[in-house]
Amino acid sequence: MTTHTIRHGQACGKIILIGEHAVVYGAPAIAIPFQSVGATVHVRPSDDQSRLHCDFYTGSITDMPETLLGLKVAIEETLASLNQSDACLTLTIDSTIPIERGMGSSASIAIAMIRALYTYYQQELPQETLLALVNASEKVVHGNPSGIDAAIIATEHALVFQKAQPSQSLTVSLDAYLIVADSGITGRTKEAVTTVKAFQEEHPVQHAELLSQLETLVLSVQQELQDGDSTIVGQAFTHAHTCLQELGVSHPTIDMLVQTAIDHSALGAKLTGGGLGGCMIALAHDSQTAQTIANALLQNGAKQTFIQSLKK
Ligand code: MEV
């Protein structure tokens with residue numbers, strides 16, 4: 001390898017269709033890779049010390065701020081696993097994933113970083129090593145992550161994910177369109193997970209009841225996603241949203257966007273990811289309705305929308 005080698009690693013975003021938060025307590029959840037956004041990390045040699053360049057920080061790896069501790073852990077642990085802890089590198093992150101909006105930005109950037117470093121050192125990256133490294137980073141970012149973000153982004157396949165169980169690949173082929181809207185409000189996954197934990201301590205019976213409802217909804221969506229009934233999936237989305245509202249992880253703006261989607265003929269809508277802001281998703285029967293919903297969401301303050309066909 002020459003000293004001028006530049007290598008890169010990439011990763012997509014993710015969207016949780018249903019089951020967020022319940023998944024932290026061992027229930028299944030369904031998520032899909034989201035290729036409309038992504039992260040790329042470029043690695044090149046540096047003369048003196050290792051540096052990071054990204055939208056939110058430029059400087060030495062050693063001085064990375066506390067807010068980027070998860071990423072620092074990903075870099076340091078990856079270099080240690082490659083026996084390159086003393087390396088001098090310039091790491092540049094280009095990401096189109098909105099930060100802290102439930103699209104998996106932290107896991108995606110960490111995965112792009114780990115892939116880039118392994119590619120740079122021309123080492124095979126076994127999937128278990130990738131998952132172990134990104135999960136160590138995600139623990140720092142989210143406190144008690146289920147591992148769903150890491151699993152979806154690492155495999156780039158729709159999954160039924162359940163903690164401590166082998167993930168099940170899922171073929172999504174539904175005659176419907178998914179609309180994803182960014183509220184522009186920073187979601188706070190770690191705080192949201194803590195909110196649900198506090199709800200469990202104060203209201204254990206309601207917590208168990210809501211989790212059980214969410215689990216039933218996940219199982220019904222799982223059944224319908226393979227050429228099933230989009231109306232059932234849409235209704236499950238809206239029902240799941242009310243459960244997440246009761247658990248205390250929605251946000252008035254997200255609730256308003258969910259209602260806007262429903263008022264414009266969505267089959268259903270819900271928050272996606274950690275909540276307390278972030279993104280919402282809606283389901284539409286056809287592409288024209290999806291466009292109408294996306295326009296209405298933008299008119300009501302959404303910062304960005306994406307439309308994706310769920311038909312294979
Ligand atoms: C975050 O994308 C999903 C949550 O369920 C947290 C987790 O699973 O770690 C809210």
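Each ligand, and each atom within it, is numbered from 1 in the order the structure gives. FYI, side chains are in, hydrogens and waters are out, and symmetry mates aren't considered; it's all heavy atoms of this structure.
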Which ligand 1 atoms does [X] reach within 4.0 Å, using its non-hydrogen atoms?
X: Glu20; answer: 5 (O)
X: Lys14; answer: 2 (O)
X: Pro145; answer: 9 (O)
X: Val23; answer: 5 (O), 8 (O)
X: Gly274; answer: 10 (C)
X: Ile148; answer: 8 (O)

Donor-acceptor contact present, side-chain [X] to main-chain [Y], <3.5 Å:
X: Glu224; Y: Val233; result: no
X: Gln162; Y: Gly26; result: yes
X: Thr78; Y: Ala74; result: yes
X: Thr272; Y: Ile16; result: yes
X: Lys72; Y: Thr62; result: yes
X: Lys303; Y: Ala181; result: no

Practice problem: Answer yes or no: does an N/O atom from Thr189 fall short of 3.5 Å to an N/O atom of ligand 1? | Solution: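 No; every N/O pair is 3.5 Å or more apart.
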Quiz item: Any N or O on Asp149 sitting closer than 3.5 Å to an N or O of ligand 1?
Solution: yes
Self-check item: Ser250 and His241, any side-chain heavy atoms less than 4.5 Å apart
Solution: yes
Quiz item: Within a strict 4.5 Å, meaning less than it, do heavy atoms of the Tyr57 and Ile93 side chains meet?
Solution: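 A side-chain contact under 4.5 Å is absent here.
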Exercise. Would you please determine whether Gly102 falls within less than 4.0 Å of ligand 1 on a heavy-atom basis?
Key: no
Quiz item: Are Glu138 and ligand 1 in contact, using a heavy-atom cut-off of under 4.0 Å?
Solution: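 Glu138: no contact with ligand 1 (<4.0 Å).
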Quiz item: Does the ring center of Tyr120 lie less than 6.0 Å from the ring center of His8?
Solution: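 Distance test on ring centres: not under 6.0 Å, no.
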For [atom], closest protein heavy-atom neighbour:
atom: atom 6 (C) of ligand 1; result: Val24 CG2, 3.8 Å
atom: atom 4 (C) of ligand 1; result: His21 N, 4.0 Å
atom: atom 8 (O) of ligand 1; result: Ser146 OG, 2.5 Å
atom: atom 3 (C) of ligand 1; result: Ile16 CD1, 3.6 Å

